[in-house]
Amino acid sequence: MSSNSNTAGAGCPVDHTNRSPATCPVNHQPATDQRPVCPVDHSTSLKAFLPPSDTPHLDPHNQMPLTPEQTPTTAQAAPLSTARTTSSIPRADRYQAAGPSECPALHEEAPMWIYPSEQMFFNAMKRKNWNPHETDMKTVVPIHNAVNERCWAHILEWEQRHPNQCGGPKLLRFEGKAKELTPKARVRSWLGYQTPFDRHDWTVDRCGKQVRYVIDFYEGKRDGRNPLAPSFFLDVRPAMTVEGAWDRVRRLVGF
């Protein structure tokens, strides 16, 4: 949007025929704020874009508290770090992901996703009725971060099949679905293979288009030289949509 200082007879609602410009009640000067104001009411227009949530205190994009929980719990035995690590995963701006009908003037370069601190991770496990140990957080949090980086690397491999003129794909939101087996995982279990210990659905913004990826997490083979080291196998693929199925076929046959 832009302002035009010479608006007499060019759409100004005020009749300038019998009025001097100095007394016109309409301010024709360019706005001092260089960031345009969006005419769309996003409080309602984005409702269809945001995922439904029955827990309004949680961010629907990552199911974490809207305000980071960095306060130690009452029964906590030892202090934990509140430092957070920045990931290599770009975070999609919600207006960009809402599509061209929203306000492109408000789009800014999206920041990176930031991983939870040891304290946030500990509090999240407590909130989910798990039994975390403070001493484990220094190991668990880096493993969690490394696994997410690998997930994103796999998604980028899939996304190479789609030209992107918008700075590359960005992660819009993700959701854990540990209790919901994917069709592929269910069939594998019928054939006697292990079931995944976790599942995530990651929604990626591809130039304003939302694309969902499914990730099954399996326990990997142990390293005989270091049997205590964690090992994971990640099955990352597009969700079974028409486009996702076509991407799977293209990868299977090598084009």
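Because only heavy atoms are used, hydrogens play no part in the values below, and waters and symmetry mates are left out as well, while side chains stay in.
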> Yes or no on side-chain contact (heavy atoms from CB on, under 4.5 Å) for Asp216 and Leu234, after CA distance, side-chain angles and deciding distance?
Replying inline: CA-CA 6 Å; Asp216 283 327; Leu234 306 176; over 6 Å; no
> Stepwise, does the side-chain contact (heavy atoms from CB on, under 4.5 Å) test hold for Arg251 with Trp246?
Replying inline: CA-CA 9 Å; Arg251 181 165 181 170; Trp246 177 235; over 6 Å; no
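With sequence neighbours excluded, the residues satisfying side-chain contact (heavy atoms from CB on, under 4.5 Å) with Asp201 are Lys177, Arg199, Arg212, Val214. A search for side-chain contact (heavy atoms from CB on, under 4.5 Å) contacts involving Glu219 returns Gln194, Phe197, not counting sequence neighbours.
Gln119 and Arg84 share no side-chain donor-acceptor pair at under 3.5 Å. No hydrogens or angles considered: nothing links the side chains of Glu149 and Asn145 as a donor-acceptor pair under 3.5 Å.
To the nearest 0.5 Å, atom CZ of residue Arg188 and atom CG of residue Leu181 are 11.5 Å apart. Distance check, rounded to the nearest 0.5 Å: CD1 of Ile114 to CZ of Arg91 gives 8.5 Å. Between the NZ atom of Lys170 and the OG1 atom of Thr203 there is a distance of 15.5 Å, given to the nearest 0.5 Å. We find the CD1-CZ distance between Ile143 and Phe232 to be 5.5 Å, quoted to the nearest 0.5 Å. Taken to the nearest 0.5 Å, the CZ atom of Arg150 stands 11.5 Å off from the CD1 atom of Ile215. Rounding to the nearest 0.5 Å gives a distance of 6.0 Å between NZ of Lys209 and CZ of Arg206.
Side-chain contact between Met125 and Met137 is present, with heavy atoms from C-beta onward closer than 4.5 Å. Side-chain atoms of Pro90 and Leu171, non-hydrogen and from C-beta on, never get closer than 4.5 Å to each other. Leu80 places a side-chain heavy atom less than 4.5 Å from the side chain of Glu134. Counting only heavy atoms from C-beta outward, the side chains of Arg248 and Glu243 never approach each other to under 4.5 Å. The shortest side-chain heavy-atom distance between Gln70 and Ser117 falls under the 4.5 Å cut-off.
Closest approach of Met112 and Ser87 over heavy atoms only: CB-O, 3.5 Å. Considering all non-hydrogen atoms of both residues, Val236 and Ile155 come closest at CG1-CG1, 3.8 Å. Residue Trp113 comes nearest to Leu172 through the heavy atom pair CZ2-O, 3.4 Å, listed as atom of the first residue, atom of the second, then distance. Residues Ile89 and Asn148 come closest through the heavy atom pair CD1-O, 3.9 Å. Here the shortest heavy-atom pairing between Asn164 and Cys207 reads OD1-SG, 3.3 Å. Between Phe122 and His133, the shortest heavy-atom contact is CE1-C, 4.2 Å.
No chain of hydrophobic side-chain contacts below 4.5 Å, direct or via other Ile, Leu, Val, Met, Phe, Trp or Tyr residues, connects Val242 to Val211. Note: the hydrophobic cluster containing Val140 also contains Trp130 (ILVMFWY, side chain heavy atoms under 4.5 Å, direct or indirect links). Under the 4.5 Å side-chain heavy-atom criterion for Ile, Leu, Val, Met, Phe, Trp and Tyr, Val147 and Tyr213 are members of the same hydrophobic cluster.
Using a cutoff of 4.0 Å between basic side-chain nitrogens and carboxylate oxygens, Asp247 and Arg161 are not scored as salt-bridged.
Side-chain atoms of Gln210 never come within 3.5 Å of backbone atoms of Asp205 as a donor-acceptor pair (strictly under, hydrogens ignored).
Cluster note: Leu191 groups with Val187, Trp190, Tyr193 through ILVMFWY side-chain heavy atoms spaced under 4.5 Å, whether in direct contact or through intervening members.
For an aromatic pair to be called close, the ring centres must be under 6.0 Å apart, and Phe174 with Trp152 fails this.
For Arg237 and Trp158, the positive end is not near the middle of the six-membered ring at less than 6.0 Å and at most 45° from its axis.
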